[in-house]
Structure formats: C-alpha cells, structure tokens
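The structure appears below as structure tokens.
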Amino acid sequence: MISAQLPALQVVVPLLAAPLCLILHRPFAAWLLTFVVSGISLLVSIALLGQILEQGVIDYTFGGWAAPFGIAYHIDFANAYVLLIVTAISTVVSIFAKRSVASEIEAHSQGLFYTAWLLCLTGLLGITITGDAFNLFVFLEISSLSSYVLIAMGNDRKALTAAYQYLIMGTIGATFILIGIGLLYMLTGTLNMLDMAQRLIAVADSRTARTGFAFLTVGLGLKIALFPLHLWLPNAYAYAPSAVSAFLAATATKVAVYVLLRFMFSVFGIDFALGAMPLSTMLVVLGSVAVLSASTVAIFQHNLKRMLAYSSIAQIGYLVLGVSLATPAGLTATLLHLFNHALMKGALFLALGCIAWRLGSVRLGDLGGLGYRMPWTMGVFVIGGLSLIGLPLTAGFISKWYLVLAAVERGWWPVVLVIIAGSLLAMIYVWRVIETAYLGKTKEAVSGTEAPLSMLVPAWLLAIANLYFGMHTELSAGIASQAAMVLFGGQP
Amino acid sequence: MNVAGLYNYWIVILLMMTGFYVVISSGNLVKKIIGLNLFQASVFILYISMGKVMNGAVPILREDVTTYSNPLPHVLILTAIVVGVATTALGLALVVRIREAYGSVEEDDIHRQDESL
C-alpha cells in the first residue's frame with residue numbers, strides 16, 4: 001500500500017517536516033527532525049530505485065487525475081539516480097551539521113536554519129521528481145529561496161551580500177526559465193513534459209520553440225553556474241555556513257544540470273537540442289573555458305572555501321563537456337561525474353568544516369602543520385583532493401576516465417587535452433593545501449586537536465565512498481549508463 | 001506582421017527590458033529589487049495575455065457560451081506572483097540586514113568597505 005505512494009512521500013515528508021521544525025524551534029529537536037527526515041527520504045529514494053529496477057518507469061498521478069490534466073510525477077533511472085544523490089548527501093551532511101551549526105549560528109536561529117534546510121531539500125527533490133514543467137519552476141523557487149536564506153546565515157557579513165547577489169542572479173535565472181516554460185506552453189498547450197515532448201515534434205521548427213529553448217538554457221545556465229554565468233557562486237559558497245556549502249555544492253548545481261538534461265533530451269529531443277540548435281558548440285567552448293579559467297583562478301585563492309567554489313565551477317565545465325559530446329558515452333560520463341563530484345566536494349567541504357570548527361578560519365596561511373594536529377581531518381582532505389585531481393583508485397579517476405574515453409570516441413582531442421590540463425591545474429591547488437598542512441610551519445600551540453566524532457564520521461563516510469566508488473564502479477557507472485540510455489532513448 | 005495587434009507583447013518586451021536594465025545598471029540595492037519586480041511583472045503579463053482566446057468568454061460554465069478563455073495561465077501566474085512577493089520580501093529583508101552591517105545600501109560603498117578590510 002505505502003509502496004505505491006512513495007513518489008508523493010519523497011516530497012511531502014520533508015515539506016511537512018519544515019513547519020514542524022519551525023514549531024519545535026529548539027536546536028536539538030530541530031536537528032534531530034532534520035536528520036530523521038533526511039534519512040527517511042534516503043530510504044524512500046532507495047526504495048524508488050528498487051521499484052524502477054524491478055518494474056521500470058513509475059508514473060504517479062496526484063489525486064488520481066490522469067496526465068496531462070493532473071500533475072504527474074514521472075520517475076525513471078535518471079531522476080531516481082539524482083534523488084539518491086540529493087537524499088544521501090543531505091543525510092550525511094545533516095549528521096555533520098549538528099556541531100558545525102552549533103558553533104557557527106546563534107542558538108535562537110538554529111530552528112529557522114533547519115526549517116530552511118528542509119525546505120531546500122523539498123525543493124531539490126521536487127524539481128527532480130516532477131514530470132510537470134510549471135511544478136518544476138515552483139520547486140525551483142522553493143529551493144532557491146531557502147538556499148538564499150541558508151547562505152545569508154553565514155557569520156561573516158559578506159554572507160549577506162553574497163546571498164543578495166545570488167538572489168538577484170537566481171531570480172533572473174528562474175524568471176528566464178518561467179519565460180521558457182511559458183513559450184512552450186503557448187506552443188503546445190500542455191505543461192506535462194512527456195505530452196510536451198510529443199506535441200513539440202510537429203512545431204519544433206518555429207521561432208517560438210527556439211526562443212523558448214534559448215530562455216530555458218540561459219536560465220538553467222545561471223542556476224548551474226555555467227561559465228560566464230557563475231559569478232554568484234564563489235562568494236555564496238565561501239561565506240555560507242560550512243554545512244550549507246557542503247550541502248549546496250554537492251546537490252544544488254547537480255539538480256540544475258539534471259533539469260538541463262531533462263529539457264534537452266526528454267522534452268526537446270536530442271536532434272533539436274544538439275542538432276538544430278548550436279548548443280553543442282557553445283557547450284564545448286564554455287565548458288573548456290570553465291575548466292581552464294576556474295581552475296587557474298582557484299590556484300590563487302587564499303580562502304580555501306573560495307578555492308573549492310572555483311573548483312566547483314571547473315567541475316561543472318566537465319559536466320557540460322560530457323553533454324556537448326552528444327553521445328551516450330559522453331552523457332554517461334556526465335551523470336557519473338554528477339555522482340562522483342557530489343562525493344568529492346562533499347568530503348572536501350566537510351573537511352574544511354572541521355577545520356573551520358577548530359581554527360575558526362579556512363585561510364591557507366592558518367593551516368601550517370595542521371596535518372599533524374588534525375590528521376583525520378586532513379586525511380579526508382587528501383582523499384577528496386586526490387579524487388578531485390582524478391588519481392586512479394579514487395572516484396574522480398573513474399569519471400575523468402569515462403569522459404576522456406567518450407571524447408576520444410568522438411575524436412575530440414582538444415577536449416582530451418582540456419581535461420588533462422584541468423587535472424594538472426587541480427593538482428597545483430590541491431598540492432598547495434597539502435604542502436602547507438604537512439610541510440608548513442606550525443603556528444603557536446593551539447589547544448585541542450581533532451574535530452568531534454560527529455563531524456569526522458560523516459566526512460570519513462564520504463571519503464571512503466570516494467575510494468569505494470573508485471574501485472567498484474558497477475553501482476555508480478551501471479546506473480549512470482542506464483540513466484544515459486533512458487535519456488538518449490527519448491522515452492523518459 | 002500585425003504590429004499594433006500584438007501590443008501586449010510590445011508592452012511585455014518594453015517592461016522586461018526596463019526591469020532588466022534597472023537590475024543591471026542601478027547601484028542601489030533597493031532599486032535593483034524594484035527592477036527585478038518590473039522584470040517579473042512583464043512575465044506575468046506575458047502569461048496573462050496568452051490565456052486570452054479570440055472571442056472567448058469568461059471561463060465560467062454557462063449554457064449560451066461555447067468559447068471560453070483559457071483560465072490555466074492565470075492560475076499559473078497567481079503562483080508565480082506569490083513566488084515574486086516572497087522573493088521581494090526576502091530581498092528587502094537582506095537589504096535591511098546589509099544596511100545594519102554596512103550602514104549603506106549602495107553597491108559601491110559596500111565593495112569599498114569590504115576591500116578595506
């Protein structure tokens with residue numbers, strides 16, 4: 001009985017928990033609720049994936065109103081996979097959040113913090129699971145509005161300006177998406193994505209379809225932080241509370257990439273998106289520039305959270321490069337990197353969170369000798385960093401390997417060079433940190449050494465996941481290639 | 001092309017570009033939000049005008065009417081208006097906090113203060 005209602009529960013549970021969190025208000029109760037609800041969502045998404053493995057695509061209609069008139073949730077491999085990433089990261093990071101948030105946010109606003117967290121989770125899950133274009137916009141705004149709040153809770157005053165800047169750019173992006181959806185509705189008279197895809201075939205060769213596609217792509221480009229629309233991201237991630245940086249870096253942009261893929265492949269179809277429109281050329285150029293320029297800028301950052309934020313922009317470049325190849329192999333690489341990047345950036349931001357908890361700073365200059373004072377924390381950073389570079393036996397290697405193979409298959413050698421150059425640049429900025437932490441001079445004796453277990457355990461969970469998925473790829477690469485097939489098949 | 005007959009779209013484009021220009025060019029944080037509002041309002045009009053069906057009546061079921069206007073875009077845009085209000089409220093709340101922290105709502109001032117740190 002309950003298994004039939006899982007798609008609704010996936011979104012409804014965190015949505016209902018959010019106001020409950022507001023009522024509870026006490027920090028511990030609010031945290032516990034957030035953790036439990038994230039865990040339940042994780043179980044639901046695992047169950048959904050299991051159902052899809054067993055019986056294929058799930059169609060869920062709300063209140064029994066059949067699509068295209070009612071709002072339908074449509075779950076296949078692609079979005080079940082993204083749901084799993086989002087809920088898993090939320091669960092792991094929420095364990096970490098307890099101590100980290102307690103040290104960074106005043107007690108009386110912690111209840112509000114967790115309320116915003118749950119709303120953000122609701123939004124991200126809703127975007128991923130829904131099969132209705134307007135529903136997607138509403139969930140997008142739920143997640144965006146709550147993430148502006150989460151970022152503004154950082155304890156530096158720059159967090160406020162970062163959140164404001166994100167609000168302006170995010171709203172422009174969301175409004176562009178709204179215009180795009182509106183134009184598609186004018187053309188097709190439907191909001192259900194599957195229905196829209198079928199009706200678009202007849203009218204694809206019209207100016208309205210092309211304009212709608214352009215608005216959607218640019219709007220989503222802003223949300224993804226695709227170069228050159230990335231300007232909101234570095235400050236937002238650098239000044240947000242540590243737990244929020246980890247949560248958003250691992251999920252928010254990933255979900256936006258998923259939406260772009262969904263519209264490109266399932267709604268417009270690959271022939272239109274990458275054939276009739278010059279998107280492939282644009283993406284390959286922007287992706288390459290993102291990889292090279294953002295990695296270079298990352299080398300010169302002193303604030304390590306900012307460094308990782310620039311590295312995120314570079315990683316988005318890799319994701320986009322995979323899409324631009326327009327082959328199933330390229331798409332598999334993108335989806336795989338979606339997962340692996342969530343793991344590595346999650347681990348790295350959690351390690352920085354531990355450092356921030358102990359030192360109250362994440363500036364490179366304060367890290368001297370930290371490798372000996374906080375060996376476990378730096379261990380996570382080293383594993384995450386190696387994964388970011390793409391060394392063999394780490395998850396990062398697997399996705400880079402798939403991406404290089406896909407580029408070679410198309411014969412795009414310059415892209416291969418860009419990927420390798422990006423890895424070398426990553427090596428430089430990761431090495432700077434490792435060098436300072438292990439070879440740098442220790443500052444005056446600071447009392448205390450390691451971060452508490454409740455912060456180290458989730459960080460290590462992600463670090464171990466980086467190693468595990470670097471050696472056992474059946475699960476991650478298997479699902480990613482299935483999801484790529486689903487997107488490519490045109491039958492979402 | 002019937003230029004005058006598409007006047008609603010001309011208004012949409014004019015409003016949209018005005019709003020967009022204000023967001024980009026204005027250095028005052030409150031004015032940026034006003035620009036954002038204009039920008040969003042233009043999209044509301046785009047949606048509302050697409051619901052009009054030629055010779056369509058108000059979409060309330062009556063016996064002597066056969067053509068109705070499409071009510072769905074109006075419903076959609078009600079949701080989008082709510083989202084817009086929430087965004088404005090949050091944006092203004094952030095501006096209040098920024099003014100408390102920096103003593104200014106001018107972008108140039110704020111940048112100068114951050115750099116001097």
Side-chain angles (χ1 to χ4, degrees), chain A residues 68-69 116 119 123 132-135 137-187 189-191 208 211-212 215 219 235 239, chain B residues 9 12-13 16 19-20 23-24 26 29-30 32-33 35-51 53 70 72-73 75-77 79-80 82-105 107 110-111 113-115 117:
Chain A
F69 301 108
L119 281 176
D132 184 277
F134 195 80
N135 209 229
F137 164 76
V138 175
F139 278 121
L140 185 79
E141 282 293 40
I142 291 177
S143 75
S144 306
L145 284 168
S146 46
S147 58
Y148 309 146
V149 174
L150 288 172
I151 289 165
M153 285 198 175
N155 49 16
D156 192 317
R157 68 175 179 178
K158 284 181 192 161
L160 295 172
T161 46
Y164 180 86
Q165 199 185 9
Y166 184 18
L167 181 132
I168 296 289
M169 296 190 70
T171 305
I172 291 173
T175 310
F176 267 48
I177 294 169
L178 186 62
I179 297 170
I181 293 172
L183 292 174
L184 290 185
Y185 178 72
M186 279 169 119
L187 205 57
T190 180
L191 288 166
T208 315
T211 316
F215 269 112
N235 281 339
Y239 300 114
Chain B
Y9 295 103
V12 168
I13 292 169
M16 190 182 288
F20 206 28
V23 175
I24 294 169
S26 174
L29 300 187
V30 178
K32 266 185 192 293
I33 296 209
L36 206 59
N37 264 316
L38 264 182
F39 182 55
Q40 288 179 315
S42 73
V43 185
F44 301 161
I45 297 177
L46 175 73
Y47 267 74
I48 292 167
S49 61
M50 80 171 80
V53 173
N70 183 358
L72 187 64
V75 180
L76 297 181
I77 222 57
T79 317
V82 173
V83 170
V85 170
T87 311
T88 311
L90 181 60
L92 290 175
L94 280 174
V95 175
V96 170
R97 292 273 309 276
I98 288 174
R99 187 174 146 76
E100 281 170 4
Y102 289 86
S104 169
V105 291
E107 222 173 20
I110 293 166
H111 277 301
Q113 290 187 37
D114 269 343
E115 272 162 23
L117 277 174

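Just so you know, these numbers use all the heavy atoms, side chains as well, and skip hydrogens, waters and symmetry mates.
Of the residues considered (V83(B), L72(B), V95(B), L90(B)), L90(B) shows the highest number of contacts with chain A, using heavy-atom pairs under 4.5 Å. Chain B forms the most heavy-atom pairs under 4.5 Å with one residue out of F134(A), F137(A), Y185(A), and that residue is F134(A). Here T161(A) is the residue among T161(A), I142(A), L183(A) with the most heavy-atom pairs under 4.5 Å with chain B.
Although no hydrogens or angles enter the test, the distance criterion places a donor-acceptor pair under 3.5 Å between the side chain of Y164(A) and the main chain of L29(B).
Here the CD-NZ distance, from Q113(B) to K158(A), works out to 11.5 Å after rounding to the nearest 0.5 Å. Summarising the geometry, atom CE belonging to M50(B) is positioned 10.5 Å from atom CG belonging to L187(A); distances are rounded to the nearest 0.5 Å.
Using a 4.5 Å cut-off between heavy atoms, L76(B) contacts chain A through both its backbone and its side chain. Neither the backbone nor the side chain of I151(A) comes within less than 4.5 Å of any heavy atom in chain B. Interface residue I98(B): backbone and side-chain heavy atoms are both found under 4.5 Å from chain A. Contact annotation for F20(B): only side-chain heavy atoms (C-beta onward) come within less than 4.5 Å of a heavy atom of chain A. Using a 4.5 Å cut-off between heavy atoms, T79(B) contacts chain A through its side chain alone, with no backbone atom that close. Interface remark: I172(A) contributes backbone and side-chain atoms alike to the contact with chain B (heavy atom separation under 4.5 Å).
No more than 12 heavy atoms of other residues, nucleotides or ligands sit less than 6.0 Å from atom CZ of F69(A).
The two residues Y47(B) and L178(A) make their nearest non-hydrogen contact at OH-O, 2.8 Å. Of all heavy-atom pairs between T175(A) and Q40(B), the closest is OG1-CG, 3.8 Å.
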From CA spacing to verdict: side-chain contact (heavy atoms from CB on, under 4.5 Å), T171(A), V23(B): CA-CA 11 Å; T171(A) 305; V23(B) 175; over 6 Å; no

Stepwise side-chain contact (heavy atoms from CB on, under 4.5 Å) check, I179(A) with M16(B): CA-CA 11 Å; I179(A) 297 170; M16(B) 190 182 288; 3.6 Å; yes

